[in-house]
Amino acid sequence: GAVVSQHPSRVICKSGTSVKIECRSLDFQATTMFWYRQFPKQSLMLMATSNEGSKATYEQGVEKDKFLINHASLTLSTLTVTSAHPEDSSFYICSAVGGGEGETQYFGPGTRLLVL
Amino acid sequence: SQQGEEDPQALSIQEGENATMNCSYKTSINNLQWYRQNSGRGLVHLILIRSNEREKHSGRLRVTLDTSKKSSSLLITASRAADTASYFCATSGSARQLTFGSGTQLTVLP
């Protein structure tokens, strides 16, 4: 199946700093990428939908100025958590969908963010 | 808010037994997918069933879909210790966004 990578896999930062997470589709072109957040022992919550070359669409309650998303190419989307605070500590997972009638989302391995 | 609810929340069985997980959703869908997640890891796609399908098989997996009841089930036959993981259903509408269920934590005891 298709492979999606995320970098970094784990990051620890001080409160107030910004953290960038990369999501790459390695062997296919992803017209759409999704960003999810997962708190411990909970399900995935969709944060935003990222389409290549256009602005991301954010879910209700997700601050677009805090979670900056850039989908600059068909294989790369980035999520930047700006001025991170301890409550932003979570597991961030991206997924990618290919073009055409592709229905399956392929998930990255996730990034564990801990804000001290 | 999450659309899907799964039950049971947790399931513990012996190796070799079958495991059944159920998922219910609220709105109309294009397809329903099941994913598996090992602790602290990403999701692995297991199977997709379209809204016009009622049953689908893949190896030891069997998925059913009842659109009239807005429910789906995932059956894992002859379970193995390596099947221990969290299992999520996810529904997809016209926008290809996935809405995840609350998940079932499956523990298969050796």
Side-chain angles (χ1 to χ4, degrees), chain A residues 1-10 21 23-26 30-51 56-62 89-114, chain B residues 1-10 21 23-27 29-53 56 58-59 61 63 65 85-107:
Chain A
V3 178
V4 176
S5 70
Q6 274 183 248
H7 178 80
S9 59
R10 185 185 297 266
I21 303 170
C23 177
R24 294 182 184 271
S25 57
L26 298 185
T31 53
T32 303
M33 289 183 170
F34 300 92
W35 287 95
Y36 296 85
R37 181 165 51 184
Q38 184 180 32
F39 292 106
K41 298 192 183 302
Q42 293 188 24
S43 188
L44 279 73
M45 297 297 291
L46 178 66
M47 297 176 67
T49 302
S50 171
N51 293 300
T57 303
Y58 290 80
E59 295 300 299
Q60 193 172 9
V62 179
S89 298
S90 189
F91 193 52
Y92 291 87
I93 308 176
C94 71
S95 69
V97 180
E101 297 299 315
E103 299 164 297
T104 300
Q105 287 191 23
Y106 298 97
F107 283 80
T111 296
R112 175 79 57 194
L113 171 63
L114 177 60
Chain B
S1 62
Q2 293 183 75
Q3 172 170 236
E5 295 297 325
E6 293 183 55
D7 79 274
Q9 289 187 345
M21 290 159 267
C23 167
S24 61
Y25 57 93
K26 295 177 183 174
T27 61
I29 61 172
N30 282 347
N31 64 67
L32 185 145
Q33 305 178 38
W34 284 90
Y35 288 85
R36 164 202 169 114
Q37 183 182 35
N38 286 77
S39 180
R41 310 288 283 272
L43 274 71
V44 175
H45 182 261
L46 296 177
I47 197 165
L48 180 153
I49 185 165
R50 293 186 174 81
S51 59
N52 61 352
E53 297 176 310
K56 205 161 184 180
S58 177
L61 306 180
V63 168
L65 178 64
S86 292
Y87 291 82
F88 295 93
C89 68
T91 54
S92 177
S94 57
R96 298 202 294 183
Q97 294 175 344
L98 288 178
T99 302
F100 282 83
S102 50
T104 294
Q105 172 61 49
L106 173 67
T107 302

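Side-chain atoms are counted along with the backbone in the values below, which use heavy atoms only and exclude waters and symmetry mates. Proteins get letters first, then strands, A, B, ... in listed order; numbering begins at 1 in each.
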* Asked: So what's closer than 4.5 Å to chain A heavy atoms on B/Gln105: side chain, backbone, both or neither?
  -> neither
* Parallel, tilted or perpendicular: ring planes of B/His45 versus B/Tyr35, cut at 30 and 60 degrees -> perpendicular
* Structure fact -> Ranked by heavy-atom pairs below 4.5 Å to chain B, first place among A/Lys41, A/Gln38, A/Arg112 goes to A/Gln38
* To do: Sequence neighbours left out, what passes side-chain contact (heavy atoms from CB on, under 4.5 Å) with A/Ser89? Give chain and number order.
  => A/Leu114, A/Val115
* Got a sec, which residues hit side-chain contact (heavy atoms from CB on, under 4.5 Å) with A/Pro109, two or more places apart in sequence or on another chain? -> A/Gln6
* Go through the atoms of A/Glu59 and report whether side chain, backbone, both or neither lie under 4.5 Å from a heavy atom of chain B. => side chain
* **A/Leu44: which of A/Phe34, A/Tyr36, A/Phe39 passes side chain to side chain contact (heavy atoms under 4.5 Å, CB included)** => A/Tyr36
